[in-house]
Structures are given as structure tokens and as C-alpha cells.
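Please read the structure below before turning to the comments.
All values below were derived from every heavy atom in this structure, side-chain atoms included, with hydrogens, water molecules and symmetry-related copies excluded.
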Amino acid sequence: MKPDVPPAQPGVPDDDQLIEPVAFDFGLKRRAFVQVLGTGLLIAASVPPGLAQRAGGRGGGNRPRNLSARIHLGKDGVITVLTGKVEVGQGVRAELAQAAAEELRVPASQVQLTMADTRLVPDDGITAGSRSTPSAVPAVRQAAAATRELLAQLASQRWGVDRTSVEVGKGRIIHPATQRMLTYAELAENEEFVKKPDQPAPADAAVTAPKECKVLGTSHPRPNAGDLVTGTHRFPSDIKRPDMLYGKVLRPPSYGAKLTSVDLAPARQMSDVAVVQDGAFVGVAAPTTDRARQALDVVAKTAQWEAAPHPSSQELFEHLRKGAQGGVPQNPFAEELAAASKVLRQTYQAAYVQHAPMETRAAVAEWRDGSLTVWTGTQNPFGYAGELARSFRLESDRVRVVVPDTGGGFGGKHTGEVAVEAARLAQAAGKPVSLKWTREEEFTWAYFRPAAVIDIEATLHSRGTLTSWHFININAGRAAIDTPYRVGKAHSQSVNSDAPLRQGSYRALAATANTFARECFMDELAATAGANSLDFRLAHLENLRLRAVLEEAAQRFRWRERAKQKDPAVGIGLACGTEKGSYVAACAEVAVDRASNKFAVRRLCAVFECGAILNPDNLRAQVEGALLMGLGPALREEMRFAAGKMQNARFSDYRVPRFSDVPDLDIQLLNRPDLPSVGAGETPIIAVAPAVGNALFAATGLRLRSLPLAMQLSKG
């Protein structure tokens, strides 16, 4: 079941290599747009070349320089912003509404968003890599600022006055000298303007300076928070279509098993059941989920499989080392090794973990007149559309993907298997089909955060300075692989391996494993040099932004004072790191029960900086979520498998953090209004595991170098 991985794309970062690139542009059709939003004024905001280049590439999609219909002004005064970005709980719906409201000089409540409908919106790229803030927010702001300028020009032309004599505010254009006024809604009603929807807007409209912002920089809740709380929001798994059937797919009994034969006749004799086989794909659809399950059971009894050899999780790390492509690189710094006062070598490991979203993969597919519409949960709507078009040999304009706000992704919903499966079932049944993966399917056949084996070797001068640094990550990737510390000579490299499980993107990707290994190793180096772990880091840290979060975290945690206290049952640890252009430091306190060989994280202090803060409450929620998610792989999360079968493919066995695991959280956000805003959904997670690991060593004297830590401690 491990799919073929497309060849590396030039210019595409390692962490996006598993994502099939979107290879087409999508142009908005005015008729389709008006059918959804009603009549009004469409704005085509031309983007300056510099911004267009910055917006493209990773996370930026194939957005054309002319952002057709980014903004729609309704006759009812409602402003609609169109974006290809997806809301998966990270708060981008609120942030983009704020961005438009800021530039259009209206309250955020007056802005609504149409998101991730490939027939209506521009391709803003995959919602991943913490790119919504640095790419989509500037694009929306630029379009909204251009819209503001266009409206001011239209009003001044109508009045026959100079543009500089009119003002824009509170959704109105005002000419103070004559007290004339036009609202946005009144301009949208003007037939002269409605007939010219693609009238180019000024491309050089300036966005609002940070010190003048009224909406951005303040806290705003998600616009649809009420629907979420009351349960009226329809997630992808809630979508229903007329005469809809429910699907089930035949899965292999183990990884790599091949279907050799199956008898579909008994299932086809069942009333109201559609059965399809297309190569190795076998599925059923029926009027109810229970009936579909019964039909699948009938099919499964006749299926014959050829098993394939598969390593177990007990053999995982040895398997990765042996499978390293081209072998494990040797340390190139032989002279430093020979001349060093001290040399330290260690190996760290990280297990496979699941994304564990609350909502599993789900899709509803419907064919009509040779065209396909799929409602699904994904972070990659245009990627899904491309995958569907290729799978069914359709022209791109024959495929529509609609993504309602989705119940979690964490990097795990980039590939479109469930959409393709639902579409194939719907094609065979001749009716819409809903397909929802079970939790066991999600934990078995979805891709995982890559496991890692990490070798580190460093040399110390007699003065305690780092003279060389050799860092090799086997299998997990390059994210945050380069050390932020000052070293004499440095070599960091990611090596692919023969991965036994399907693997792909995850929140912060390989930065979780790379930061765990580096920050634990820095503590070991500090001990080797006879230095305090905080002082040792600061002595090798020149990056002022990383120093700032580390020093702030140490001060809030009272690190220096507490490090002098000796309690055999309590330990403290710290870690820091940078990724995606943002910075984090964390201090952890753990309490150890030596009788049971268990520990608990009692306190976690984190300081985070991501440039200018756009929505403080939402940012804090992002950091809190990342910290709690980071506790999972640090404590107990790991996929266990043997003979090609998952042994813990359910929440009762796969232990994500429980309420009892949640420590006291002390979160400090450092605002840098002088710097561009960058994403915050990923980086806060990376310092959790090493801070906990270092605290555990301080309490027990036992250095655990393999994640999850709690499982390793219990084994010890």
C-alpha cells in the first residue's frame, strides 16, 4: 500500500516532496461566481511582480499575478474574500477576514470568506508549511488595499473631484468638502460598475502600516465559532446528497499484501448493493453504512491475499540504518577529531507517529453530466482536484473539490485517496457516495510522521567552544536540520532510507526529531564541557531572536535559581529552536515516581516569537495546541507493528495526551511589529520533547535518546 513517490521537483523543499504539484491555473468564471454570491462588484486586483513572486512557490500555489475576483462587494454590504486556503482549526478564516477588513476599513464581522472551492477561488497553494500568514495574508491585504483605492477612484470620478480629496472609512467613501458619501453597497449596485467586473484595480495601493492597524493585531474569534459550538457546522463527514449511498473499501490484511483473487458474485446478489473491482481496488456501496459493512464482509470472506515480508517496529531503527541510501555519511572533519580536547558521539531515535485528527478522512463524490464534484477534508484542494482529474482522465474544468472547514489535519491530509475511492464507488453506483475511513483505517493506511535515526558527533576545544559538528538524519528529512549554534565547521545531511511504512508531512515535519536530537545533545555537550546547559547554549548562540526567546523563557521559569535546587524526584530541562522563520524556547519540569518508573510533566513554560502578531488569542491557541500535541510523541505516541499489521490502530491503544497529561502552561508571546508576520502552526511543537527529555535526565541521571520517552523509561 505504500504509493510510488513522484520524483523530486526542482525548487520544492524536502518537506513537500510527497505532494504532487498542481500543474494548472484556475480561472474564475463570472457566471459560476454570481450563482453562489449573487450580483455585486467583482474586483480584479493586479499584484506587483515582487509580491507575486513572494506569494508563489511553496504554499503559494500557481496564483496568477492578476488575482481575479479576490474581493466581492455585495449589494447587501457584505464583503466576500475568496481564497484557496483551508480552515482546519488553525484560525486562518479569522485571520484572512481581519486582513481584508483592515485594508477596506470595515469591521471584521462585515467580511465573509469563501474558502477552498476549486470552481470559485484562486489557487493559493496547499495549506501547509505555516504559509498562510506569510503568503495568503499579504495577498488578501494587497487585493483589499487595491479595492479600497479603486472604490475611492470610482467615487471621485462620479463626483468629478480629485482622488486626494476623498476619504475612505467605515465602508464608505466621503468627500468632506461637500459632505457627499457613497457606501460600498451603493457602488456595488451601480450598473455601470457591475457590467465591468474585471476592471483592473490600482496595483500600487499601499497596505496599512503596522502602527496604524486597527483590526490586525487584535483578537477576533473565528467567524463561524457559533456554528461549531452549537453543532450546526457541517464537517466533510457530515455532508449529505440526495439519494446518497455509503461506501466501504476492501483493505489488505497486512502491509504489502497483494490481492490474488476475489469472488464478487455473492455480494452482487445482495439487494441495494453496488460492487466494483478495478484492478486491486475493490469496494461496495449501499443505502446504509451497516449494509455496506455487511456487503464488505461477504467480499472479504472470498478474498485471497499474498503476504509480503515486513519488518516489525522492534526492528525499525536497525532497518532504517541498513536501508540508508548510499550508506551513512562519515564525519568529514578528521583533523578536528584528532585535535579535539573532547569528542562526543551519540545516536537518537524517533518512532513513527500518527496525526490522529479528530475527523478521519472523509469524502462525498457525485458525478453529473460527465463532471465530478467531491466534498472532502483536505489541506490540498487543488492537489486533490489534479489527482482526481488524472485518475479519471478528466479535463481540469470537469472536477470540482469543495472543502468545508475540516476537523484537523496536522499535515496528514495532503493526498487524495479517500476522494478517489469515493469517486470510483460513485461512478460504479451511479449515485453520490459517502466514504468515511474508520479510525483503524486512518491509523493503518494514512501516512505517518517519518521515523528517524540521527547520528551526531561534535568536538570541543579545551576552552569549551564547539570546533566541529556532524549531524546525520536517516529517513526523516531536513526540516530544522542545520544547527543555529556557532561551530567551527558544520556538516548536516538528511539521508533517505527504505521506509517500511508510508510516510509524509506532519506538524513541523522532521524538525520535531532533529530538534529533539540536537537539543538533547547540546545538554550532553554542556555536561562534557562542565558548563550549565543554559550558559553553554548562550555562549554559542549569535541569533538575537533565538537568544531573546531563550533568555525570556529561562527568566520566566526562574531557570538559574531552580537549577541549583536538588530534588531527586523533580527535574527541569530546557530547549530552543527555529523553523519556518519563527523562534521558540521551552522549559519543562517533570516529577518522577521511582517506584513505578513513571514520570509526569508538571509544568511547561514556552516563549514564542513569529514577527508581528496578527491575532493574539488565535496565536496563543496555536501555541497551546502545538505544545500539547508535542507531548504525545514525547510521552507515549508510537506506532507498533509486526508481520505488516498495526498493533495499536485505535485510540484505546494509541495514547495521545489525556487531560491528566496536561501540565501547567505558561506561554509568553513576543510581539515584533517591526518584523513581517510568519506562520505559527508548527514551530512551537519542536522544543517540547527535548525540554522534557533534558528534565528527565536531570531528575534521574538516565539519558533517554529515543522517542517516546515514557515508553523507553518504562522499558528501562
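The main-chain N or O of P404 is found under 3.5 Å from a side-chain atom of T406 such that the two form a donor-acceptor pair. One N or O on the side chain of S497 and one on the backbone of L320 form a donor-acceptor pair closer than 3.5 Å. Judged purely by atom type and a 3.5 angstrom limit, N380 uses its side chain to pair as donor or acceptor with the backbone of H414. Counting only distance, with no hydrogens or angles, the side chain of N475 and the backbone of A451 share a donor-acceptor pair below 3.5 Å. When atom types are taken as modelled, the side chain of E441 and the backbone of T444 share no donor-acceptor pair closer than 3.5 angstrom. Judged purely by atom type and a 3.5 angstrom limit, K85 uses its side chain to pair as donor or acceptor with the backbone of I126. Listed for the K413 side chain is no donor-acceptor partner under 3.5 Å among the backbone atoms of Q379. Between the side chain of R93 and the main chain of V88, no donor-acceptor pair closer than 3.5 Å is present. Panel note: side chain R547, backbone L538; a donor-acceptor pair is recorded below 3.5 Å. The main-chain N or O of A649 is never found under 3.5 Å from a side-chain atom of R439 such that the two would form a donor-acceptor pair.
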* To do: Might you work through the salt bridge (Lys or Arg N to Asp or Glu O under 4.0 Å) test for D666 and R603, ending with a clear yes or no?
  => CA-CA 8 Å; D666 177 16; R603 187 183 178 204; 3.5 Å; yes
* Could you check R636 against D661 for side-chain contact (heavy atoms from CB on, under 4.5 Å), going step by step and ending with a plain yes or no? => CA-CA 11 Å; R636 291 179 295 267; D661 296 315; 2.4 Å; yes
* Asked: Does the side-chain contact (heavy atoms from CB on, under 4.5 Å) test come out yes or no for F697 and C520, once each step is laid out?
  -> CA-CA 10 Å; F697 174 78; C520 288; over 6 Å; no
* To do: Test side-chain contact (heavy atoms from CB on, under 4.5 Å) on V570 and R602 and set out the steps.
  => CA-CA 9 Å; V570 177; R602 296 201 308 197; 3.6 Å; yes
* For side-chain contact (heavy atoms from CB on, under 4.5 Å), just list the numbers for D593 and F599, CA-CA rounded to whole Å, side-chain angles, deciding distance to a tenth of an Å, and then say yes or no. => CA-CA 6 Å; D593 183 340; F599 73 94; over 6 Å; no
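Side-chain atoms of Q503 and Y352 form a donor-acceptor pair, as typed in the model, at a separation below 3.5 Å. Q349 and T347 form no side-chain donor-acceptor contact under 3.5 Å, judged by distance and modelled atom types alone. Defined by atom type and a distance below 3.5 Å, a donor-acceptor pair is missing between the side-chain atoms of S132 and E95. A donor-acceptor contact closer than 3.5 angstrom is absent between the side chains of E442 and T360. In this model, no donor atom of one side chain and acceptor atom of the other lie less than 3.5 Å apart for S494 and N473. Defined by atom type and a distance below 3.5 Å, a donor-acceptor pair is missing between the side-chain atoms of R251 and T438. For the residue pair Y654 / E637, a side-chain donor-acceptor distance below 3.5 Å is found, with atom types taken as modelled. The closest side-chain donor-acceptor pair between T683 and E579, if any, does not fall under 3.5 angstrom. Counted by atom type alone, E551 and W559 present zero donor-acceptor pairs between their side chains at under 3.5 Å.
Nearest heavy atom pair, residue L619 against residue A680, reads CD1-CB, 3.2 Å. What you find for A356 and V656 is that their closest heavy atoms are CB-CG1, 4.0 Å. Scanning all heavy atoms of the two residues, the minimum distance from F536 to A529 falls at CE1-CB, 4.0 Å. Looking at every heavy atom in both residues, R620 comes nearest to L669 through N-CD1, 4.0 Å. In terms of heavy atoms, A458 sits closest to L466 at CB-CD2, 4.1 Å. Heavy atoms only, all atoms of each residue included: N648 and F443 are closest at O-CD2, 3.9 Å.
Contact of the W445 side chain with the P252 side chain is registered, since non-hydrogen atoms from C-beta on lie closer than 4.5 Å. Contact of the L501 side chain with the H310 side chain is registered, since non-hydrogen atoms from C-beta on lie closer than 4.5 Å. In this structure, the side chains of Y583 and C610 stay at 4.5 Å or more apart for every pair of heavy atoms. Side-chain contact check for F471 versus D455: every heavy-atom pair is 4.5 Å or farther apart. Counting heavy atoms from C-beta outward, L574 and N694 have side chains that stay 4.5 Å or more apart. Counting heavy atoms from C-beta outward, P633 and T512 have side chains that stay 4.5 Å or more apart. Looking only at side-chain heavy atoms (C-beta outward), L628 and P657 stay at 4.5 Å or farther from each other. Inter-residue side-chain proximity for S582 and F608 is flagged as met; some heavy-atom pair is nearer than 4.5 Å.
Note that the CD1 atom of I456 and the CD1 atom of I472 stand 10.0 Å from one another [nearest 0.5 Å]. Going from atom CD of Q354 over to atom CZ of F448 covers 5.0 Å, rounded to the nearest 0.5 Å. The CD atom of E87 sits 9.0 Å away from the OG1 atom of T127 when rounded to the nearest 0.5 Å. Atom CG in L525 sits 8.5 Å away from atom NE2 in H540 (nearest 0.5 Å). Summarising the geometry, atom OG1 belonging to T378 is positioned 9.0 Å from atom CD belonging to E387; distances are rounded to the nearest 0.5 Å. The structure places CZ of R321 at 12.0 Å from CG of L316, a figure rounded to the nearest 0.5 Å.
Annotation: cation-pi geometry satisfied between R361 and Y447 (NZ/CZ under 6.0 angstrom from ring centroid, within 45° of ring axis). For R562 and F557, the positive end sits near the middle of the six-membered ring, less than 6.0 Å away and at most 45° from its axis.
Aromatic ring centroids of H233 and F235 lie under 6.0 Å apart.
Note on E682 versus R507: no salt bridge recorded, every NZ/NE/NH1/NH2 to OD/OE distance being 4.0 Å or above. The pair R222-D405 counts as a salt bridge, with a side-chain nitrogen and a carboxylate oxygen less than 4.0 angstrom apart. D523 and R537 are joined by a salt bridge, as a carboxylate oxygen and a charged side-chain nitrogen come within less than 4.0 angstrom of each other. Taking 4.0 Å as the cut-off between side-chain N and carboxylate O, D482 and R518 do not count as a salt-bridged pair. Here E524 pairs with R705 in a salt bridge; the nearest charged N to carboxylate O distance falls below 4.0 Å.
In the displayed structure, E318 atom CD is contacted under 6.0 Å by at most 12 heavy atoms of other residues, nucleotides or ligands. Atom CZ of R703 is surrounded by more than 12 heavy atoms from other residues, nucleotides or ligands within 6.0 Å. Within 6.0 Å of atom CD in Q647, more than 12 heavy atoms from other residues, nucleotides or ligands are found, so the atom counts as buried in its surroundings. Enclosure of atom CD in Q330 is not indicated, since only 12 or fewer non-hydrogen atoms of other residues, nucleotides or ligands lie within 6.0 angstrom.
With sequence neighbours excluded, the residues satisfying side chain to side chain contact (heavy atoms under 4.5 Å, CB included) with A575 are E519, A687, P690, A691.
Aromatic ring orientation, Y506 versus H355: tilted (interplanar angle from 30° to 60°).
When each of L709, L696, V692 is paired with V601, the side chain to side chain contact (heavy atoms under 4.5 Å, CB included) condition holds for V692 and for no other.
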